[in-house]
Structure formats: structure tokens, C-alpha cells
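Order of the sequence lines fixes the chain letters, A, B, ..., with proteins taken first and strands second; residue numbering starts at 1 for each chain. No experiment lies behind these values; they were computed from the predicted model shown.
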Number of protein chains: 2
Amino acid sequence: MRNDTKIAPRGRGRPRKFDREAALRAALQRFRTLGYANTSLDELAAATGVNRPSLYATFGDKKALYLAGLARTHAIIDSTFAALHDVHYPPEKMLKALFLGAIEGFLTGEYGPSGCIAVNTAAAEAVADADIRAALADFMQLQDGWIEKLMEQAGTADPRGDAQIASSVIHSLSTRARAGTPRAELIAIAKKATALLLA
Amino acid sequence: MRNDTKIAPRGRGRPRKFDREAALRAALQRFRTLGYANTSLDELAAATGVNRPSLYATFGDKKALYLAGLARTHAIIDSTFAALHDVHYPPEKMLKALFLGAIEGFLTGEYGPSGCIAVNTAAAEAVADADIRAALADFMQLQDGWIEKLMEQAGTADPRGDAQIASSVIHSLSTRARAGTPRAELIAIAKKATALLLA
DNA sequence: TGATTTTTGTACGATCCCGCACAAAAATCG
DNA sequence: CGATTTTTGTGCGGGATCGTACAAAAATCA
């Protein structure tokens, strides 16, 4: 069951037994499900198959691991938006892809729909922790900025404002998914938002 | 500095030294700032001025105290919406009151803007804890339902859909407030949402 | 083969945290 | 005043959690 994709041992010493990316993915999944404060290092060690000392040696402490996970998600979101921008969909198709893609992602999860890690776990820590708050702000900036570009491409009259509303709806879809709202209702909200934005 | 509003001792034994409501408010504030998992009972005891055994005797365990706080917020939100419904504002004024009232509430906080406790701390626990998930769902239902009534009163064509979008924007305003977004930008988003909904 | 380097994994210490036991305190009832 | 009832507050015990020390293991270099 271990994910031992021992790539590029290269150096001198004993080769690493685990794949850094796979471990990061597993840790990220635990954080997304349980939240930052509620995820212990024992659970992270169990989920990644890496014991604590190796986790510390590879990622630093708990917060560094969490921030590395956020950064990884940030990069994935970025390339996803870039791809959506590249295909040059017509406005309605673009919004459909945007919202439905988000919804399907949010409904993913180990124990149930887990939404967006930034919106729904980083936000809990954001007031007390400046680093996490900054990461959350970066995340929202990334999303707002990309959707603004998409709105420009779609030729709407107020790309910035339209993007902020579309982005806001996506935030809420994430929270609603975590609250257990069924897919059909999330899709209905997405359709309504699409109609309003294209009116 | 204690809030000793010893009301209605009534019974037989030693009178209670603290005001239940004041203690609940203080605990709620800590939960809202730090999140559920990150708030210890020592901090709750310090913030409320009540030591742990008395907290347990009065509210039960940590989760029961948190849920009592959510219920209190739920009740306040309910009466706030009822009041807004009663004044029969014209549509634009109603939306302005709705959004700006939310924003001002979200910008409140001990250490900084703390948003909505349900959207931003309950959501983190919602996947792992069914009780908190249910409370979060109730909360969203309350808000969606009231805004739907307000939209009916305002005479919009699709009260349910419009309400879900308005409610979604409010969720996002809460998260954005926690991320540190300045008031002016939150207000701009609210204005844009108002314009879209009344178009 | 022996030295060096890096990772592994056990084990540990210090701290925090939850929830409660128990005696003292402060009120009312008879 | 003595008995009863309820709250207070100290204090504790078991357990979780974080981060690290240290020796063994597994590789490369000379």
C-alpha cells in the first residue's frame, strides 16, 4: 500500500523511501478533511506512510507542511485556470466549465465532500496566523485575477466586478459542499449565477 | 473586569458568580477568532472568567459549549432578519442594509476581522463532525430562507435563486474579511451584487 | 573494503489539554 | 443554628501532541 516511487536518489546517503509529492498529496488530503488544527502529526505520518522525523526532515514543522500543501494546490489551480483560458470557450460554456469543474472538485473527499482547503480550513486559522492569512489572501487573489481574465475574454462589461461575484459564488459552493448540500442544488446555484452574469 | 451580573439565583445553593449569557458571548468570541479545534478550555476559562469545572457544569463539554454558541448566533441572526423583514424597505435599500450590515459584522473581532463563525470555523470541522455539519447546514438554511422572503417582498422574479446568490456573496464576504480584504473592496463587491440582482 | 553521507525508525521529554474528583464556600430551608 | 444544596476552585490523572535525539540501516565514494 506504500507509494514507493523512489525517484532520483542521486546523492550519497541512504535513498529516500517515499515520494515527496505523493506524501504531500496525502498530507494535503488529511488537512482538507480535518482542518489544520485538528490534524495531528501522527495522522499525517499514518496517512503519508512517513514517520515523523522524516516528515520534519523533508518539510519542516506542521505549519510548513500545511503551507507546502496550500502552495501545491495554488499551483494546480493556476494551471487549471490557464488551461481554461487557453481553450477560448464562448462565455456560457466557459462559465459552465468554471462552475461545474469547481463543484466536482468540491464534492471530492475521503469521508465526504471536502470543498476547497483554502476557503474552508485556512480561513479558520487566518485570524490567528498571519502566514496562513497571507496564503489565503494570495489564493483569493489568484482566483479573482484569473476569473477576471476569463471575463475579459468573454467580453462582459465589468470583468472585475463580474469576476468577484463569480469567485464569491465559488467560495460559497465550497462551503455548501462541506455542509452537505447535494450536487443538484449546487448545480442550480451555478446555473443561476451564470444567468445573472450573462444577463 | 468580571461580568458578575448575578441574575435570579433563586434556588437553594450557592449563587452563581457569573452571567451565563456573558460567558457564552466571551466563549463564542474566542471560538470565532481561533476556530473550534484551536481553542483550548484553558483559554475559554480565561476569556469567560469561569474555571473549567463550572464551564462543564453549566454547558457540558467543549463541543456542547461551541454548539450553544452557534445556537445563540443562530437566534440573533434570526431576529435580525425578522427585523429587516418587518421594516419593508424598498428593494435597493433592503439589499444595501443586508450587505452592509453583514460586512460591518464581519469586520468586528478581537484581533481583527473575524467574519461569520459558522461559515469560517464550523466549516472546518463539518466534514469530520456530523453535529457541527448539521448546525452549519441549519445556519445556511436559515440565511437562505430569510433572504428568499426578503426577495419575495422585494418582488424579484426568482426569489429563491436570487436569495441563493445573495447568500453566497455574503458567505464570501465573510471569508474575504478573514483574509484581510479591506472594507472598501467588500463594499464594492456588495454594490456589484446589488446591481446584478436588481438588473 | 572502509569511510562518509543521508534516511529511517524507535524512543523520549516536555508540554498541552480534556474532563473530573473533592473539599471548601456560600447560599436557603427547617 | 444546624442541615441541605449548589457553585467554586484547586488539583490531578490519563492521554494526546509536538518536535527531536540517537543509533541502526542503506546507499555512494575512495
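When rounded to the nearest whole Å, the span between CG of B:L34 and C1' of C:dC17 equals 15 Å. Between the C1' atom of C:dC18 and the CG atom of B:D61 lies a distance of 9 Å, rounded to the nearest Å. In this structure, CZ of B:F59 is placed 16 Å from C1' of C:dG19, rounded to the nearest angstrom. Straight-line distance from the CG atom of A:D42 to the P atom of C:dT15: 19 Å, rounded to whole Å. Following rounding to the nearest Å, B:Y56 (OH) and D:dT10 (P) show an atom-to-atom distance of 17 Å. Across the protein-nucleic acid pair, A:R20 atom CZ and C:dT7 atom P stand 12 Å apart, rounded to whole Å. Regarding A:E43, its CD atom lies at a distance of 17 Å from the C1' atom of D:dG19, rounded to whole Å. Across the protein-nucleic acid pair, A:K62 atom NZ and D:dG19 atom C1' stand 12 Å apart, rounded to whole Å.
Just one of B:S172, B:S167, B:S168 meets the side chain to side chain donor-acceptor pair (under 3.5 Å) condition when paired with A:S172; it is B:S168.
Residue A:R52 has its side chain nearest to C:dC12 when only C:dC12, C:dT8, D:dA21 are considered. If you check C:dT8, D:dT8, C:dC18 against the side chain of B:N51, the one that comes closest is D:dT8. Considering only the side chain of B:F18, D:dT8 comes nearest among C:dT8, D:dT17, D:dT8.
For the pair B:M140 and B:L142, the minimum side-chain heavy-atom distance is 4.5 Å or more.
Defined by atom type and a distance below 3.5 Å, a donor-acceptor pair is missing between the side-chain atoms of B:Y66 and B:T39.
Classified by interplanar angle (parallel below 30°, tilted 30° to 60°, perpendicular above 60°), the ring pair B:F81/B:W146 is parallel.
Geometrically, A:K62 does not engage A:F31 in a cation-pi contact, judged by NZ or CZ lying under 6.0 Å from the ring centre and within 45° of the ring axis.
The side chain of B:S54 contributes an N or O atom lying less than 4.0 Å from OP1 or OP2 of D:dT8. Here A:K17 does not reach the OP1 or OP2 of D:dA27: none of its side-chain N or O atoms lies under 4.0 Å away.
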Short N/O separations, protein against nucleotides 3-6 of chain D, under 3.5 angstrom:
unit_1 : atom_1 : unit_2 : atom_2 : d
D:dT4  : O2     : B:R12  : NH1    : 3.0
D:dT6  : O2     : B:R14  : N      : 3.0

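Residue contacts for A:T39: at a heavy-atom cut-off of 4.0 Å it reaches the sugar-phosphate backbone alone, with no base atom in range.
In terms of modelled atom types and a separation under 3.5 Å, the side chain of B:S79 and the main chain of B:I76 share a donor-acceptor contact. Side-chain N or O atoms of B:R178 include one that pairs as donor or acceptor with a backbone N or O of A:A124 at under 3.5 Å.
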